[in-house]
2 protein chains.
Amino acid sequence: MDNKAIQEQRMREYFIQATREILKGEGLRGISVRNIASKAGYSYATLYNYFKDVKELIFECVQDFQDECEEMVQSEIQNTPQGLERIKAITMAYMKYFIQYQGIFELFFLEGVVDMSGKKPTIELIVTFLDRLCESDWEYCISQNQLTKEQAEIHKAELRYVAPGLLLFYLNRKHPESYNEFKALSERQLNFILKN
Amino acid sequence: MDNKAIQEQRMREYFIQATREILKGEGLRGISVRNIASKAGYSYATLYNYFKDVKELIFECVQDFQDECEEMVQSEIQNTPQGLERIKAITMAYMKYFIQYQGIFELFFLEGVVDMSGKKPTIELIVTFLDRLCESDWEYCISQNQLTKEQAEIHKAELRYVAPGLLLFYLNRKHPESYNEFKALSERQLNFILKN
DNA sequence: TAATTATATTAACACTGTTAATTATATTGT
DNA sequence: ACAATATAATTAACAGTGTTAATATAATTA
């Protein structure tokens, strides 16, 4: 009954933890059912007693990685003044996290989902992540009459799509070639978006 | 000698043609070495006499798909006046093409490349594609003093990253849910970018 | 026509995710 | 405490994947 639920959650956690480690290390390409199970200390078939398939398992990691990313963002924007400047800093730190852990970028944005059943909340988590990170600052801008609600909505969306776009080209197509170029390019584009 | 080169190119074309058909139909998920070879009328191992691996083969299709996409774009912007408005129309048609052929979007932007050796020109083709589609219109805007060269560069980049970003969320994360919403959202964002 | 070269094919390897059958463990009733 | 039952973990198997080596077939040359 309750014991069973506790034990089941513990087992799930073993597999999730193993998956997290692989994703942070070798990335999505390093993931395999046998790989995960071995790291968790169980046979590969045991995994299917706790997850319906391997995709359900890896999407379980999203929340944890978002927490970790948010931590990194917070530590990087310590002394940045509220408002547009901080939105820029948050977005830069957000992208920096995914560059550090390319596998997590792949999980968040590239990994395909065939049947969305049950994964909708996780997808929503991913889609709204940057919005949530910047939420208080957008509200600040609106309260200071720097932006109308409608303008803020457009700016918000612009960041939401530009950031993964930039990451997609840099991580997946090596364009631009160096991190410094990427950083300069990103700052240029963010300045453009937030200047209006 | 020369005959040999002709025959070799013919063989390559058989495999490329088969790959194109699969990509347009079932998409990237339908691709497999045995699948391609069967469609081409050869055994799977024969493929390796003409391509070093399957990734080299599928990247050979990029140029053809770009030609096809450009054709579709041209036919959709017939009566659109030169300049910013046409840039918007081109970008919308560009996105429409990838929505029609999701597998080609995956090939262009999502498909991973481990060793870039030899694929650099293809990657460059992909990265600069939208820029090239809009090139004459950007030049028109500059010649009309609507934009400086530097401003045009920023706008160009903005489109370059926003379009795949929008497609990534829509095709890979079903966000927004309907095509009409996607279209409205895209137009909103494109208007924002090109209004400044 | 015979020997040689080039090309295509099959067999095999090491993987992948997933399911069914089997074994081991834990829980229950007596 | 022991036997019967339910639960959970394991191995075996299946149908795939990309790729390479060995083999068979076709074409070319002497």
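Order of the sequence lines sets the chain letters (A, B, ...), proteins ahead of strands, with each chain counted from 1.
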Student: Indicate yes or no for a side-chain donor-acceptor contact from B:Lys183 to the backbone of B:Lys96 under 3.5 Å, with no hydrogens or angles considered.
Tutor: no

Student: Taking atom P of D:dG16 as reference, at what distance in whole Å does atom CD of B:Glu26 sit?
Tutor: 14 Å

Student: For a quick check under 3.5 Å, do B:Glu181 and B:Ser178 share a side-chain donor-acceptor pair by atom type?
Tutor: yes

Student: Is the shortest side-chain N to carboxylate O distance from A:Glu13 to A:Arg20 below 4.0 Å?
Tutor: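 Salt bridge between A:Glu13 and A:Arg20, a charged N being under 4.0 Å from a carboxylate O: yes.
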
Student: Flag the pair A:Arg188 and B:Glu153 as a salt bridge only when some basic side-chain nitrogen lies within less than 4.0 angstrom of an acidic carboxylate oxygen.
Tutor: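 No, A:Arg188 and B:Glu153 are not salt-bridged.
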
Student: Nearest-Å distance, CG (B:Asn49) to P (D:dT25)?
Tutor: 17 Å

Student: Would you mind reading off the distance between B:Ile58 atom CD1 and D:dG18 atom C1', rounded to a whole angstrom?
Tutor: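 Rounded to whole Å, this separation is 12 Å.
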
Student: Using five base pairs at each end to define the local axes, how bent is the helix from C:dT1-D:dA30 to C:dT30-D:dA1, to the nearest 10°?
Tutor: 20°

Student: For the pair B:Lys156 and B:Glu135, find out whether any cationic side-chain nitrogen is under 4.0 Å from an anionic carboxylate oxygen.
Tutor: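 No.
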
Student: What is the distance, rounded to the nearest whole Å, between atom OH of B:Tyr50 and atom P of C:dA6?
Tutor: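 One finds 13 Å between P of C:dA6 and OH of B:Tyr50, rounded.
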
Student: Hey, can you pull the residues of residues 37-46 of chain B with a non-hydrogen atom under 4.0 angstrom from DNA chain C?
Tutor: B:Tyr42, B:Ser43, B:Tyr44, B:Ala45, B:Thr46

Student: Quick one: does NZ or CZ of B:Arg12 land under 6.0 Å from the six-membered ring centre of B:Tyr50, within 45 degrees of the ring axis?
Tutor: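 So B:Arg12 doesn't make the cation-pi contact.
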
Student: I'd like to know if the side chain of B:Glu70 pairs up with that of B:Gln66 as donor and acceptor (distance under 3.5 Å, no hydrogens or angles considered).
Tutor: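 B:Gln66 and B:Glu70 do not have a side-chain donor-acceptor pair below 3.5 Å.
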
Student: Rounded to the Å, how far apart are A:Leu47 CG and C:dT18 C1'?
Tutor: 11 Å

Student: Rounding to an integer number of Å, can you tell me how far B:Leu57 CG sits from D:dT19 P?
Tutor: 10 Å

Student: Heavy atoms only, 4.0 Å cut-off, all strands: where does A:Phe51 land among base, sugar-phosphate and nothing?
Tutor: nothing

Student: Output the rounded distance in Å from CE (B:Met11) to C1' (C:dA8).
Tutor: 8 Å

Student: Would you say the side chains of B:Asn191 and B:Glu187 form a donor-acceptor pair under 3.5 Å?
Tutor: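 No - no donor-acceptor pair under 3.5 Å links their side chains.
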
Student: Taking the side chain as everything from C-beta on, heavy atoms only, tell me whether A:Phe105 gets closer than 4.5 Å to A:Met95.
Tutor: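 No. Closest side-chain heavy atoms not under 4.5 Å.
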
Student: Does a side chain donor of either B:Glu68 or B:Tyr97 reach within less than 3.5 Å of an acceptor in the other side chain?
Tutor: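 B:Tyr97 and B:Glu68 do have a side-chain donor-acceptor pair below 3.5 Å.
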
Student: Just the table, please: protein N/O against nucleotides 13-17 of chain C N/O, every pair under 3.5 Å.
Tutor:
residue : atom : partner : partner atom : Å
C:dT16  : OP1  : A:Ser32 : OG           : 3.1
C:dG17  : OP1  : A:Val33 : N            : 3.2
C:dG17  : OP2  : A:Val33 : N            : 2.7
C:dG17  : N7   : A:Arg34 : NH1          : 2.8
C:dG17  : O6   : A:Arg34 : NH2          : 3.1

Student: Expressed in angstrom and rounded to an integer, what is the separation of B:Gln7 atom CD from C:dA6 atom P?
Tutor: 13 Å

Student: Applying side chain to side chain contact (heavy atoms under 4.5 Å, CB included) between A:Leu47 and each of A:Tyr42, A:Tyr14, A:Phe15, report the one that passes.
Tutor: A:Phe15

